[in-house]
Amino acid sequence: MSGVGRWTGAEVKALRTALRENSRDFASRVGVSQRNLVLWETGRTKRIRPSNQEALDTVLSTAGAPAQERFAALITAQAAAAEDARTEQLLRREAQYTKSPRDGKLMVPVEAGIYLAGPTSTPIWVDEYLIDVYPTTNADYQRFVRATGHPPPQHWPDGECPGSIYDHPVVWVTWHDAAAYAAWAGKTLPTSEQWEKAARGDKGRAYPWGDAPTAAKCNVLDSGIGRTTPVGRYQSGVSPYGVYDLCGNTWEWCATQTKPAVMSVPDDSAEPIEVEPARYELKGSAFTSPFVRAAPALLNDASATMLDNDTGFRCVSSS
């Protein structure tokens with residue numbers, strides 16, 4: 001939450017459970033009576049004062065990493081148990097999922113039409129396309145590396161992906177690495193408009209899950225996890241199209257160029273050389289980013305040669 005989200009009774013109960021505290025001690029920490037805490041947790045009142053909201057934010061942000069991970073797991077479990085309408089929507093959409101023939105990744109269609117884009121919610125038309133449900137994982141990227149001989153990312157010991165991160169998004173990849181994978185898979189990187197529509201839906205919601213700024217629904221700096229997480233973990237953060245990890249975990253490369261490469265032709269050569277790489281849009285924020293950077297409408301970019309421990313990608317294709 002980190003001072004930006006409105007707490008629900010279910011989230012309050014999940015936090016107390018994650019901290020493994022009794023109701024008396026927990027109520028004292030957030031400055032309410034046990035009776036009020038019971039009313040929150042049972043849903044008999046939805047009114048949580050701003051001062052109590054801030055206290056809850058503080059309790060979560062100062063909890064140790066194990067408690068924060070338990071809290072995130074509990075929130076995810078609530079969605080998985082169909083307590084979240086987006087999970088039911090995802091299940092209804094399951095029949096529309098298709099598998100990409102080359103890399104075998106699950107993809108979902110995004111219909112043609114107008115959506116509200118960017119910080120000003122400008123109406124923009126986007127043609128129909130398919131988008132990967134999950135970011136490209138280390139396991140996906142390993143198949144690409146073995147098939148093509150492309151250099152592996154630097155965090156794989158001896159060039160082999162550790163089994164412990166198979167289902168985590170691949171990182172330490174440049175824009176060129178991401179584009180090479182997409183070409184091998186018969187797909188492309190998404191434009192920033194395609195990526196944003198998959199995240200916000202056609203109504204321009206602020207976040208994949210809705211308009212409430214709820215940091216517990218994604219892996220961001222406020223979560224305190226400090227590393228990537230499995231791509232299917234945050235079921236409560238799924239977008240209207242059933243796409244995961246569009247807020248947090250890793251920044252994702254897009255095909256949209258923000259600045260072309262600067263080229264130079266030396267006097268003794270007819271071949272131009274690149275003196276400054278092109279820049280491309282990044283979307284989604286990462287586990288290293290504060291939640292305020294997570295809104296899909298926000299703009300970010302980087303040099304095409306940039307690579308880091310918090311940057312990955314996913315792909316799209318025509319329907």
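Owing to the predicted nature of the structure, the values given are computational and were not obtained by experimental measurement.
- Residues Val316 and Trp195 are not in side-chain contact: their nearest non-hydrogen atoms beyond the backbone lie 4.5 Å or more apart.
- Side-chain contact of Trp251 with Ser289: a donor-acceptor pair under 3.5 Å is present, judged by distance alone.
- If you chain together hydrophobic residues whose side chains sit under 4.5 Å apart, Val133 and Met107 never meet in one group.
- Ala216 and Tyr234 make their closest contact through O-CE2, 3.7 Å (heavy atoms, listed as atom of the first residue, atom of the second, distance).
- For the pair Trp156 and Pro162, the minimum side-chain heavy-atom distance is below 4.5 Å.
- Contact of the Asp177 side chain with the Phe313 side chain is not registered, since no non-hydrogen atoms from C-beta on lie closer than 4.5 Å.
- Counting heavy atoms from C-beta on, the side chains of Pro208 and Arg200 never come closer than 4.5 Å.
- In this model, no donor atom of one side chain and acceptor atom of the other lie less than 3.5 Å apart for Asp211 and Trp209.
- Between Lys217 and Glu11 there is a side-chain heavy-atom pair separated by less than 4.5 Å.
- When only modelled atom types and interatomic distance are considered, Ser51 and Arg49 share no side-chain donor-acceptor pair under 3.5 Å.
- The closest side-chain donor-acceptor pair between Asp140 and Thr137 falls under 3.5 angstrom.
- Taking 4.5 Å as the limit, every side-chain heavy atom of Arg233 sits out of range of all side-chain heavy atoms of Asn249.
- Within the 4.5 Å cutoff, the side chain of Pro290 has no heavy atoms near those of the Val220 side chain.
- Ring geometry for Tyr141 versus Tyr181: interplanar angle under 30°, hence parallel rather than tilted (30 to 60°).
- A donor-acceptor contact shorter than 3.5 Å links the side chain of Lys197 to the backbone of Glu111.
- No continuous path of ILVMFWY side-chain contacts below 4.5 Å connects Ile165 to Tyr134, so the two sit in separate hydrophobic clusters.
- A salt bridge links Arg146 with Glu160: the closest approach of a Lys/Arg side-chain nitrogen to an acidic carboxylate oxygen falls below 4.0 angstrom.
- Taking the charged nitrogens against the carboxylate oxygens, Asp132 and Lys187 do have a contact shorter than 4.0 Å, which makes a salt bridge.
- The distance from the OG1 atom of Thr229 to the CG atom of Asp167 is 9.0 Å, given to the nearest 0.5 Å.
- Side-chain atoms of Glu281 do not come within 3.5 Å of backbone N or O of Ser192 as any donor-acceptor pair.
- In this structure the side chain of Thr17 never reaches within 4.5 angstrom of the side chain of Phe26, judged on heavy atoms.
- For Glu193 and Tyr115, the side-chain atoms include no donor-acceptor pair closer than 3.5 Å.
- Closest non-hydrogen pair, Ala112 versus Trp125, comes out as CB-CZ2, 3.9 Å.
- From Ile131, atom CD1 reaches atom SG of Cys315 across 9.5 Å, with rounding to the nearest 0.5 Å.
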